[in-house]
Every structure is written in structure tokens, then in C-alpha cells.
Trainee: 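Take a look at the following structure, please.
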Amino acid sequence: MSSARWQKLLSREFYDRDPRRVCRELLGKVLVRKERSQVLAARIVEVEAYLGEDDPAAHSFAGRTLRNAVLFGPPGYAYVYFIYGNHYCLNVSCLPDGVAGGILFRALEPLAGVEKMARSRNVTINSARDLRKLTSGPGRLAEAFCITRERDNGKDLTSPRADLFIADDGYRVPHVLTTARIGITKAAALPLRYLIAGNEFVSGTKIRNLPVAS
DNA sequence: GAGGAGATCGTCT
DNA sequence: GACGATCTCCTCT
């Protein structure tokens with residue numbers, strides 16, 4: 001598959017807004033990793049909004065530290081953190097420089113470079129279920145895209161020179177669903193998780209994917 | 001298929 | 001020293 005269709009990058013202004021708004025519009029866009037001759041691409045099907053210093057569940061809630069500095073910086077930059085001793089998670093910063101806010105990537109639908117993703121994840125693809133395991137979950141998608149803090153934290157996702165970026169291929173999302181965020185204990189009831197309704201690559205169980213009142 | 005527990009280590013207090 | 005925006009394996013139903 002040609003990578004020409006993923007050349008239209010999202011601008012810095014796209015991210016310079018409320019994370020809830022950016023979340024809705026980020027669904028359906030394409031995360032792209034370019035390596036020498038290889039292109040990895042996957043559609044964004046599930047994200048979560050973290051609102052900054054007013055959101056108890058956000059890393060930025062306790063204020064700026066060395067670790068979360070990217071969240072307080074300009075919009076459109078990758079914030080990558082390591083968690084549970086095993087996993088990296090990818091976020092993108094939102095809102096203007098000096099105001100904290102970000103979006104966690106929770107699940108993707110693979111479009112190109114599936115074999116490479118499977119090698120990175122150390123899995124073999126024998127069924128649709130195996131394919132789903134590639135990128136459905138924050139830790140899984142980071143591993144599939146070889147995303148690490150050392151390599152990608154602080155990277156400008158709006159730069160044409162970046163090897164990691166987000167593109168718009170014109171895909172229109174049929175229906176967006178909103179649910180509570182996953183894996184957190186503080187402010188857990190807020191409907192800040194956004195997903196493409198009915199998409200097979202969304203993470204979590206059926207119960208988790210039921211909409212909540214907003 | 002659902003639920004529970006362990007692994008494992010960076011970050012913050 | 002405690003905790004965590006997770007994943008996988010194992011057991012039970």
C-alpha cells in the first residue's frame with residue numbers, strides 16, 4: 001500500500017484546542033511511523049482526554065515535573081511515559097504553551113505494516129482475534145509502533161520531517177461513542193473516553209464500551 | 001468469556 | 001517506599 005495517502009499532516013492549530021474537542025476529531029485519523037523503507041500506519045479508533053491541572057486523573061494534576069513537562073508545552077508534541085514496569089503509553093499535548101492538557105491513544109486499527117507490527121509485538125497473526133491484539137490497548141499500540149520514551153518523548157508530531165506523525169486521509173467516522181475512562185481511580189466517572197462505535201479494534205470489554213450519560 | 005493476580009520499574013513523596 | 005492512564009497468564013464457569 002502506498003503511503004502517499006497519509007501525507008496530509010494535522011496542523012499545530014488542530015491540537016491547540018480543548019482536548020475533548022480534539023479527541024472527537026482525532027478519531028478516524030491515521031497514526032504513521034516512517035522507518036527507512038517501511039511505513040506503519042493505523043487508524044485511531046479510541047482515545048481519552050486528560051484535561052490538565054483541573055483533572056485529578058491527569059499526570060499534570062500535581063503540577064509540572066520533569067516527567068510531564070511536554071503536557072505543559074506547546075500543542076502537537078508526543079508525551080510518552082513508562083508505566084507498570086512494562087509498558088509505554090503515547091499521548092499528544094493539547095492547548096496553548098503553558099496550559100496542560102493531552103490525549104491518550106488507546107486503540108488503533110492497523111492499515112499498513114502489519115507484519116512489522118506483529119514482529120515488534122512478538123505475535124503471529126492466525127486470526128482476526130490475533131490482529132486485534134496488535135494495537136488494541138495503549139501498551140500494545142506503543143509496542144507495535146516501537147514507541148519509547150527515549151525515542152519519541154517530546155517529538156513534534158506536526159513536523160513534515162518527523163518519523164512519527166498523524167495524518168488525515170479523508171476518512172469520515174460514522175458514529176462516535178463516549179464512555180468513562182479506563183484504568184483510573186480518580187475522576188473515573190467522567191465521560192472522557194471517545195471511540196468509533198462498533199469498531200472491532202477498540203480495547204476493553206463490551207460492558208466497558210457502553211456509553212455513559214454526559 | 002470473565003475475573004484475579006503477578007510482573008516490573010520509573011516517578012514522586 | 002508506595003503507587004500506577006497495562007498486559008498476560010492462569011483458573012473458573
Side-chain angles (χ1 to χ4, degrees), chain A residues 15 18-20 22-24 26-27 31 42 44-73 77-95 100-108 110 117-154 157 177-195 200-210 212:
Chain A
Y15 303 101
D18 187 299
R20 287 165 287 200
V22 181
C23 265
R24 284 189 177 277
L26 210 46
L27 288 175
L31 181 68
I44 300 164
V45 300
E46 180 185 346
V47 289
E48 282 179 0
Y50 286 87
L51 305 182
E53 292 182 273
D54 298 327
D55 180 0
H59 284 184
S60 46
F61 182 65
R64 186 180 189 136
T65 65
L66 195 61
R67 177 205 197 193
N68 65 20
V70 176
L71 289 176
F72 288 81
Y77 284 79
Y79 167 53
V80 181
Y81 64 88
F82 187 66
I83 193 163
Y84 294 116
N86 287 306
H87 309 288
Y88 289 100
C89 294
L90 173 67
N91 297 244
V92 59
S93 61
C94 293
L95 298 169
I103 291 170
L104 169 69
F105 292 80
R106 286 199 56 90
L108 309 172
M117 291 184 206
R119 278 199 300 277
S120 301
R121 293 267 301 119
N122 198 25
V123 298
T124 49
I125 308 293
N126 295 315
S127 66
R129 194 173 157 178
D130 292 335
L131 190 62
R132 206 180 151 272
K133 283 198 291 188
L134 274 187
T135 51
S136 68
R140 289 173 175 173
L141 72 87
E143 192 171 49
F145 273 71
C146 302
I147 290 167
T148 65
R149 183 174 170 83
E150 296 72 30
R151 180 178 180 182
D152 299 303
N153 190 52
L157 300 183
L177 213 59
T178 313
T179 81
R181 293 176 293 187
I182 289 179
I184 56 172
T185 53
K186 303 162 201 158
L190 295 176
L192 295 177
R193 174 171 171 248
Y194 300 81
L195 51 100
E200 286 296 306
F201 293 87
V202 162
S203 72
T205 63
K206 282 180 181 172
I207 291 172
R208 275 174 162 183
N209 295 332
L210 293 175
V212 297

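Keep in mind it's a predicted model, so treat the numbers as computed, not measured. In what follows, chains are A, B, ... by sequence order, proteins preceding strands, each numbered from 1.
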Trainee: Who is the Watson-Crick or G-U wobble partner of dT8(B), with both distances under 3.5 Å?
Mentor: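 Across all strands, not a single nucleotide pairs with dT8(B).
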Trainee: So among L90(A), V202(A), I44(A), which one has a side chain to side chain contact (heavy atoms under 4.5 Å, CB included) with L108(A)?
Mentor: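 So, applying the side chain to side chain contact (heavy atoms under 4.5 Å, CB included) to L108(A) and each of L90(A), V202(A), I44(A), only I44(A) qualifies.
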Trainee: Measure from the side-chain heavy atoms of Y81(A) and tell me the nearest of dA5(C), dC7(C), dT8(C).
Mentor: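 Of the candidates, dA5(C) comes closest.
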Trainee: Taking G73(A)'s backbone N and O only, do any of them form a donor-acceptor pair with S93(A)'s side chain (distance below 3.5 Å, no angle check)?
Mentor: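 Side chain of S93(A) to backbone of G73(A), a donor-acceptor pair under 3.5 Å: no, none is there.
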Trainee: For the backbone of S127(A) and the side chain of D130(A), can you confirm whether one donor and one acceptor N or O come within less than 3.5 Å of each other?
Mentor: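 Yes.
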Trainee: Please determine if a side-chain N or O atom of R106(A) lies less than 4.0 Å away from the OP1 or OP2 oxygen of dT6(C).
Mentor: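 Indeed, a polar side-chain atom of R106(A) lies that close.
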Trainee: For Y50(A) and dA5(C), are the ring centres under 5.5 Å apart with planes inclined under 30°?
Mentor: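 Stacked: centres under 5.5 Å apart, planes under 30°.
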Trainee: Per the side chain to side chain contact (heavy atoms under 4.5 Å, CB included) rule, which among V80(A), L104(A), I147(A) passes with C89(A)?
Mentor: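 Answer after filtering V80(A), L104(A), I147(A): L104(A).
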Trainee: Quickly work out the L192(A) CG to dA5(C) C1' distance and round it to whole Å.
Mentor: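 Nearest whole value for this atom pair: 12 Å.
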Trainee: When you measure from the side chain of D55(A) to the backbone N and O of F61(A), does any donor-acceptor pair fall under 3.5 Å?
Mentor: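 Looks like no, no N/O pair under 3.5 Å.
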Trainee: So, does E53(A) use its side chain to make a donor-acceptor pair with the main chain of A100(A) at under 3.5 Å?
Mentor: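 Such a contact is absent between E53(A) side chain and A100(A) backbone.
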Trainee: Counting only side-chain nitrogens and oxygens, does R149(A) get under 4.0 Å of the OP1 or OP2 atom of dT11(B)?
Mentor: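 The answer is yes; a side-chain N or O of R149(A) sits under 4.0 Å from OP1 or OP2.
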Trainee: Over how many whole Å does the gap from K186(A) atom NZ to dC12(B) atom C1' extend?
Mentor: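 K186(A) atom NZ is separated from dC12(B) atom C1' by 11 Å.
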Trainee: So H59(A) and Y79(A), would you call those rings parallel, tilted or perpendicular, with 30° and 60° as cut-offs?
Mentor: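 Perpendicular: the ring planes of H59(A) and Y79(A) meet at over 60°.
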Trainee: Looking only at side-chain N and O atoms, does R193(A) come under 4.0 Å of OP1 or OP2 in dA5(C)?
Mentor: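 Looking at the OP1 and OP2 atoms of dA5(C), neither is under 4.0 Å from any side-chain N or O of R193(A).
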Trainee: Examine dA5(C): is either OP1 or OP2 under 4.0 Å from a nitrogen or oxygen in the side chain of R140(A)? Give yes or no.
Mentor: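 Negative; the distance criterion is not met.
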Trainee: Taking atom P of dG4(C) as reference, at what distance in whole Å does atom CD1 of I184(A) sit?
Mentor: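 The answer, rounded to whole Å, is 11 Å.
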Trainee: R121(A) side chain to K133(A) main-chain N or O, any donor-acceptor pair under 3.5 Å?
Mentor: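 Confirmed, R121(A) side chain pairs with K133(A) backbone.
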Trainee: Rounded to the nearest angstrom, tell me the gap between atom CZ in F61(A) and atom C1' in dT13(B).
Mentor: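 Going from F61(A) (CZ) to dT13(B) (C1'), I get 15 Å.
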Trainee: Working to the nearest 0.5 Å, report the span between CZ of F82(A) and CZ of R67(A).
Mentor: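 Rounded to the nearest 0.5 Å, the CZ-CZ separation comes out at 11.0 Å.
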Trainee: Round to the nearest Å and state the distance from Y79(A) atom OH to dG10(B) atom C1'.
Mentor: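 That distance rounds to 11 Å.
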Trainee: Roughly, in whole Å, what's the span from CG in L134(A) to C1' in dT8(C)?
Mentor: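 In whole Å, dT8(C) C1' lies 15 Å from L134(A) CG.
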Trainee: Which atom pairs link the protein and nucleotides 4-7 of chain B when you take only N or O atoms and keep those under 3.5 Å?
Mentor:
| residue | atom | partner | partner atom | Å |
| --- | --- | --- | --- | --- |
| dA7(B) | N3 | N86(A) | ND2 | 3.2 |

Trainee: Whole Å only: how far is the CZ atom of F82(A) from the P atom of dC7(C)?
Mentor: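 About 13 Å, once rounded to whole Å.
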Trainee: Quick one: does any side-chain atom of R132(A) pair with a main-chain N or O of E200(A) as donor and acceptor, under 3.5 Å?
Mentor: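 Judged by distance alone, yes, a pair lies under 3.5 Å.
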Trainee: Students often get this wrong, so: under 4.0 angstrom with heavy atoms, is G139(A) touching a base, only sugar-phosphate, or nothing?
Mentor: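 The answer is sugar-phosphate, as G139(A) gets under 4.0 Å only of primed atoms, P, OP1 or OP2.
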Trainee: For residues 64-73 of chain A, which residues have at least one heavy atom under 4.0 Å from DNA chain B?
Mentor: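 DNA chain B contact set from residues 64-73 of chain A: T65(A), R67(A).
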Trainee: Please tell me which of S136(A) and T185(A) maps to the more 5' nucleotide of DNA chain C, matching each residue to the nucleotide holding its nearest heavy atom.
Mentor: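 Looking at the nearest nucleotide for each, T185(A) comes out on the 5' side.
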Trainee: Could you tell me how far apart I83(A) (CD1) and dA2(C) (P) are, to the nearest whole angstrom?
Mentor: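 Rounded to the whole Å, the gap is 18 Å.
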